[in-house]
Q: 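The structure that follows is given in the form of structure tokens.
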Amino acid sequence: MEVPRSTPGSLLAAWRAVGHQAAVTLGAAVALLSLLADTPVHVASLRGGIAWAATLVATSVGAWLLDRTYVARDAVAAEDDEEGAEAPTA
């Protein structure tokens with residue numbers, strides 16, 4: 001029995017959606033914790049924005065790497081198909 005593979009589009013879309021939600025959640029949490037630690041509002045906002053941006057960059061890099069993995073997998077599969085078509089069968 002062959003395990004069905006997920007499509008690159010659906011997995012990338014889910015990864016990006018979760019990444020955006022994680023970035024917003026982390027940014028808001030960092031800003032709130034900074035405010036609870038009696039930092040000025042502008043510093044808490046800056047910390048939250050930096051946490052949001054860093055999380056968004058990290059998940060975007062992960063999505064890019066995931067996309068490159070799918071491209072490489074498809075290239076190897078195409079190469080294997082070409083080699084299999086050229087091999088004589090006995």
Side-chain angles (χ1 to χ4, degrees):
M1 184 164 110
E2 189 173 323
V3 177
R5 292 184 178 177
S6 61
T7 60
S10 64
L11 186 58
L12 286 172
W15 179 266
R16 286 187 179 115
V18 169
H20 283 266
Q21 290 175 351
V24 169
T25 303
L26 188 64
V30 167
L32 180 62
L33 289 174
S34 293
L35 286 173
L36 290 174
D38 290 331
T39 58
V41 172
H42 69 281
V43 173
S45 300
L46 184 62
R47 287 178 181 172
I50 290 170
W52 172 80
T55 307
L56 199 57
V57 166
T59 56
S60 295
V61 168
W64 179 80
L65 289 172
L66 186 62
D67 188 41
R68 295 290 97 204
T69 301
Y70 274 113
V71 169
R73 182 195 69 186
D74 292 342
V76 168
E79 185 178 299
D80 288 344
D81 289 343
E82 289 175 5
E83 288 176 2
E86 294 172 1
T89 57

Q: Which value, rounded to the nearest 0.5 Å, describes the distance between Trp15 atom CH2 and Asp67 atom CG?
A: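 Answer for the CH2-CG pair, Trp15 versus Asp67, is 13.0 Å.
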Q: Out of curiosity, Gln21 CD to Arg16 CZ, how far, rounded to the nearest 0.5 Å?
A: 14.5 Å
Q: So, for Thr39 and Ser34, which heavy atoms are closest and what is the spacing to 0.1 Å?
A: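 Answer, listing the atom of Thr39 first, then Ser34: OG1-O, 2.6 Å.
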Q: If we only count heavy atoms from C-beta on, is the His20 to Val24 side-chain gap below 4.5 Å?
A: no
Q: Just distance, no hydrogens or angles: give the donor-acceptor pairs under 3.5 Å from side chains in residues 48-63, sequence neighbours left out.
A:
{"unit_1": "Thr55", "atom_1": "OG1", "unit_2": "Ala51", "atom_2": "O", "d": "2.8"}
{"unit_1": "Thr59", "atom_1": "OG1", "unit_2": "Thr55", "atom_2": "O", "d": "3.1"}
{"unit_1": "Thr59", "atom_1": "OG1", "unit_2": "Leu56", "atom_2": "O", "d": "3.1"}
{"unit_1": "Ser60", "atom_1": "OG", "unit_2": "Leu56", "atom_2": "O", "d": "2.8"}

